[in-house]
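First the structure, in the form of structure tokens, and then the observations on it.
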2 protein chains.
Amino acid sequence: MRFAPGMPIFDEGESAAALYNVTSGTVKLYKHLPDGRRQITGFLFAGDFLGLAVKETYSYSAEAVSETYVCRFPRQKLESVVRDFPHFQQRLYSIASNELAVAQDQMLLLGRKAAKEKIASFLLTLSARAVRRGQPATPVALQMGRSDIADYLGLTTETVSRSFTQLKSAGVIRLMEGNKVDLAERDRLQEIAEGN
Amino acid sequence: MRFAPGMPIFDEGESAAALYNVTSGTVKLYKHLPDGRRQITGFLFAGDFLGLAVKETYSYSAEAVSETYVCRFPRQKLESVVRDFPHFQQRLYSIASNELAVAQDQMLLLGRKAAKEKIASFLLTLSARAVRRGQPATPVALQMGRSDIADYLGLTTETVSRSFTQLKSAGVIRLMEGNKVDLAERDRLQEIAEGN
DNA sequence: CGAGCGATTGAACGCTCTCAAAGTGAGTGG
DNA sequence: CCACTCACTTTGAGAGCGTTCAATCGCTCG
């Protein structure tokens, strides 16, 4: 299935009818408060899964950030596959367990890191994930806008922008055309991410 | 196994040798930054599991908050049980998937809620979990100290204390002896938790 | 070339933190 | 039984970081 930028893949509360795998592109997962405040709980890239849920409905919304292709596994079929190949269940557990560890790192970031530390951590995480997909560690391509980054890190777009500027002024990163960021001083960025 | 208050159950980075189930008591899970800042990622009560990890080492530390009894399942044995009873694998997946949803709620709290909203949400969550364990919805017993609550909600002890005082002054809650909190106006508390 | 959206920059405010002190309660020993 | 200690909580005052509100900049697209 193809999704254009900004298109919803599914919404919080919808019946959880399928599991998806991102083939290419970028997806964001998010939750809303009644008054409109938003928290993005994760960005997904090629190879990532979404829709892992035991519940009857999705507990978050998913939306394409850039042009995205996903592979859809209807829940019924998935369940029959799992019955025939118990190994798949183990794989699902492994994925969920891994996402849980990522979520806990993100809690540490949201609860205890300062703005500049959040941005530094974010860039390093994106870089590491790019490497895992076989892409170079730098420059990092930011598929998402400042407002998505802000809602992911628990900040405002203005603070995100200011933090980027500060890191740029310090020579730690370089903002390039095409919304790419060159991690000029990766070690220094690592130190900043950890609070030094 | 028995753990006195403050005793570590396992530490981040340790070899993940076992899965635990809390029989009685309270456990906190947390992560540290190099400079000592701490984020508590969860509190566990009777019936909750800890140590769900596919990785070789634990990605967080676990410590008893009150006197706690846990049931320990060595990983090896667990794996053989899972091999013989594939249904267990499904159960593990279900638990992990559920914790993931809880973690996402917590991200929304940490990233987007104000101090008073965080406290209100916290009290309601504790109450709901107490009900699930067959206990009354109110009063809620706070097994953990202010500093643990602060590190769970991404606040300081002072702010936690002040927020409690504000909610008390507004008549929404009542602070009782034995570190119990009476949710006098549950509806109002719910509204505050959601930002109204 | 103008419209429009997102990003950046600026100025001022306010929520939460920091630092400090006082209050409270449980446990200990005289 | 009471004074004392120690840890934790509460309260106060002031500062700072990130937000809010607002304006400008820059790019893309029609």
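Chain letters run A, B, ... following the sequence lines, proteins first, then strands; residues in each count from 1.
- Put simply, NZ on Lys116(A) is 15 Å from P on dT19(D), counting in whole angstrom units.
- In this structure, Met7(A) is a member of the same hydrophobic cluster as Tyr58(A), with clusters built from ILVMFWY side-chain heavy atoms closer than 4.5 Å.
- Rounding to whole angstrom units, CZ of residue Arg37(B) and P of dC17(C) are separated by 13 Å.
- dC15(C) atom P lies 18 Å from atom CG of Leu155(A), rounded to whole Å.
- If you check dG18(D), dC17(C), dT9(D) against the side chain of Thr159(A), the one that comes closest is dG18(D).
- Residue-to-nucleotide proximity on DNA chain C shows that, of Lys168(A) and Arg112(A), the 5′-proximal contact is made by Lys168(A).
- Residue Ser147(A) places no side-chain N or O under 4.0 Å from the OP1 or OP2 atom of dG6(C).
- Leu110(B) places its CG atom 16 Å from the P atom of dG18(D), with the value rounded to the nearest Å.
- Here dG18(D) presents its P atom at 17 Å from CZ of Arg146(A), a figure rounded to the nearest Å.
- Following rounding to the nearest Å, Glu177(A) (CD) and dT28(D) (C1') show an atom-to-atom distance of 14 Å.
- Taking side-chain N and O atoms only, Thr165(B) has no distance below 4.0 Å to OP1 or OP2 of dT10(D).
- Within 4.0 Å (heavy atoms only), Gly178(A) reaches no atom of the nucleic acid at all.
- Rounded to an integer number of Å, the gap from CG of Asn179(A) to C1' of dC27(D) is 12 Å.
- For dC21(D), its base sits under 3.5 Å from the side chain of Glu158(A) at one donor and acceptor pair at least.
- With Phe45(A) as the aromatic partner, Arg129(A) does not meet the cation-pi criteria of under 6.0 angstrom to the ring centre and within 45 degrees of the ring axis.
- For dT9(D), neither phosphate oxygen OP1 nor OP2 lies less than 4.0 angstrom from any side-chain nitrogen or oxygen of Thr157(B).
- For the pair Arg91(B) and Tyr93(A), the cation-pi criterion (under 6.0 Å, within 45° of the ring axis) is not fulfilled.
- An OP1 or OP2 oxygen of dT10(D) is reached within less than 4.0 angstrom by no side-chain nitrogen or oxygen of Arg162(B).
- Here the C1' atom of nucleotide dG6(C) and the CZ atom of Phe164(A) are 14 Å apart, to the nearest Å.
- Aromatic pair Tyr152(B)/Phe43(B): ring centres closer than 6.0 Å.
- Salt bridge Arg186(A)/Glu191(A): absent, no basic N to carboxylate O contact under 4.0 Å.
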